[in-house]
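The model shown is predicted, which means the values in this text are computed figures rather than measured ones. What's counted below: heavy atoms across the whole structure, side chains too, no hydrogens, waters or symmetry copies.
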Amino acid sequence: TASRLADAERRAQQIIEEAKGRANEEANKIVAAARDEAEQQTVRAREALREQGASSRDGVGWLDASVHEPPEFNEAWAAVLLLGPALKPLFAWALLRDEVAGVELALKQSLAAGRERLARLVSREVAALDSAQVRESAIESLAENLNDSLVAPLFWFALFGLPGAAAYRYANTADAMWGYRGLRHGQHWEWAGKWAARADDVLSWLPARVTAMLLAAANGGGVPLRSPGGLWAQARLTPSPNGGWPMAAMALAVGVRLGKPGAYQLNAAARAPRAADTLRALQLAARAAVGAVLAAALVLAGTAAGSLA
């Protein structure tokens with residue numbers, strides 16, 4: 001028994017490392033694609049400048065020299081150096097991925113260990129959950145928080161820069177801390193949570209639906225959308241106006257049932273999730289994260305090119 005448990009732990013750790021490796025490979029692809037796109041935008045901007053110079057002067061030699069002369073320090077690089085450290089704390093994708101993988105690893109040890117690890121990830125009561133419900137909760141949290149911790153901050157950063165991403169994360173964090181009815185940690189927080197919950201609902205409305213589409217696209221074949229059991233119908237089964245979208249997309253993409261006991265069930269006709277389904281969910285989330293970063297990079301590159309034109 002001890003040998004089988006050790007083998008299971010090693011296999012689970014191997015699965016986690018493989019998921020991390022795939023996520024890192026996809027992240028490197030994003031960086032390369034963004035770099036190529038930026039170089040292409042620079043070339044187009046230079047060509048536009050040459051054309052403008054040619055129409056207003058007899059030659060372009062003076063312009064070519066100034067365009068090709070390497071600057072000592074570029075404003076774009078300054079922005080990257082300043083925004084990078086400020087933006088990084090607004091994302092929590094790596095932590096989310098590791099925590100969800102950790103729940104599956106803990107379940108290999110025991111149900112009690114899985115519940116204890118899940119309690120770090122969700123606010124619901126975990127003491128009565130069985131192993132399938134622990135996995136359901138972990139996969140649900142992965143899907144919902146993919147929006148909260150990555151897609152939505154990127155969305156608002158692409159539109160309004162660092163202030164947009166920071167404002168979203170502030171509202172989302174305040175909702176997570178205070179947006180509960182009744183007692184939480186021995187105190188009533190509803191009075192403080194109402195404004196945070198409404199702000200989070202508004203700011204998450206579009207990004208949550210974008211996250212659902214990214215997860216559907218990450219599945220390759222997509223997911224059913226407007227059929228009776230499709231995404232449109234499933235997403236409306238949860239009390240949250242936004243959380244149901246990424247969770248329903250994940251349930252349909254992985255082909256499992258997800259739900260909260262006594263509250264709702266998504267893709268209810270499907271089977272309960274197994275260990276392999278957690279890995280599948282992590283893979284889909286990683287692909288969706290790549291798509292989100294790439295889309296944001298393209299929007300930012302297009303905005304920068306437009307400002308130079």
Side-chain angles (χ1 to χ4, degrees), residues 8-33 91-108 114 117-118 121-122 131-132 134-152 154 207-225 231 234-235 243-259 266-267 270-297:
E9 291 178 352
R10 284 194 294 270
R11 177 55 183 160
Q13 188 61 42
Q14 180 182 359
I15 290 173
I16 293 171
E17 294 301 324
E18 288 175 357
K20 290 181 179 179
R22 292 191 187 97
N24 289 334
E25 289 175 5
E26 292 172 343
N28 290 334
K29 291 179 183 179
I30 290 176
V31 173
F91 302 121
W93 159 245
L95 177 62
L96 172 64
R97 177 198 62 200
D98 292 346
E99 285 297 321
V100 172
V103 171
E104 188 58 50
L105 182 60
L107 275 175
K108 299 295 183 183
R117 189 63 184 262
L118 178 67
L121 192 61
V122 301
S131 59
V134 168
R135 288 193 177 95
E136 287 183 45
S137 299
I139 295 173
E140 277 189 324
S141 184
L142 173 66
E144 184 175 16
N145 285 292
L146 174 64
N147 174 68
D148 297 346
S149 65
L150 182 69
V151 177
L154 274 175
R209 287 148 180 82
V210 171
T211 304
M213 294 301 103
L214 288 170
L215 286 169
N219 192 41
V223 300
L225 298 179
L231 178 59
Q234 296 291 321
W245 287 86
M247 291 192 297
M250 183 69 84
L252 292 167
V254 180
V256 296
R257 178 186 70 242
L258 299 178
L266 304 174
N267 202 21
R271 59 175 174 80
R274 304 165 185 155
D277 297 317
T278 303
L279 174 58
R280 173 64 176 161
L282 285 165
Q283 291 171 338
L284 289 173
R287 292 175 190 170
V290 169
V293 174
L294 184 57

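One finds the OG atom of S141 at 3.5 Å from the CG atom of L121 (value rounded to the nearest 0.5 Å). Going from atom CG of L284 over to atom CG of L215 covers 7.0 Å, rounded to the nearest 0.5 Å. Rounded to the nearest 0.5 angstrom, I139 CD1 and R135 CZ are separated by 8.0 Å.
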Mind running side chain to side chain contact (heavy atoms under 4.5 Å, CB included) on R274 and D277 for me, showing each step along the way? CA-CA 5 Å; R274 304 165 185 155; D277 297 317; 3.7 Å; yes

Determine, step by step, whether N219 and R280 satisfy the side chain to side chain contact (heavy atoms under 4.5 Å, CB included) criterion, reporting the C-alpha distance in whole Å, the side-chain angles of both residues, the deciding distance to 0.1 Å, and the verdict. CA-CA 10 Å; N219 192 41; R280 173 64 176 161; 2.8 Å; yes

Step-by-step side chain to side chain contact (heavy atoms under 4.5 Å, CB included) determination, M213 to L225: CA-CA 10 Å; M213 294 301 103; L225 298 179; 4.2 Å; yes

I would like to know whether L282 and L142 meet side chain to side chain contact (heavy atoms under 4.5 Å, CB included); could you show each step before the answer? CA-CA 8 Å; L282 285 165; L142 173 66; 4.0 Å; yes

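Annotation for L214 and G291: closest pair CD2-C, 4.2 Å, computed over non-hydrogen atoms. Heavy-atom minimum distance, E136 versus G259: OE1-N, 2.9 Å. V223 approaches A216 most closely through the heavy-atom pair CG2-CB, 3.7 Å. Residues A212 and P246 come closest through the heavy atom pair CB-N, 4.1 Å. When all heavy atoms of A248 and L231 are compared, the pair lying nearest together is CB-CD1, 3.7 Å. When all heavy atoms of M250 and A285 are compared, the closest pair comes out as CE-CB, 4.4 Å.
Screening V151, L146, V293, L154 for a side chain to side chain contact (heavy atoms under 4.5 Å, CB included) involving W93 leaves a single residue, L146. With P273 as the partner, the side chain to side chain contact (heavy atoms under 4.5 Å, CB included) test is satisfied by one option alone out of T278, V256, V254: V256.
With respect to the salt-bridge test (charged N to carboxylate O, under 4.0 angstrom), the residues R117 and E104 do not qualify.
In summary, the side chains of S149 and N145 do not present any donor paired with an acceptor at a separation below 3.5 Å, with no hydrogens or angles considered. Checked by atom type, the side-chain pair N147/R209 shows no donor-acceptor distance below 3.5 Å.
Under a 3.5 Å cut-off, the side chain of Q234 and the backbone N or O of N267 do form a donor-acceptor pair.
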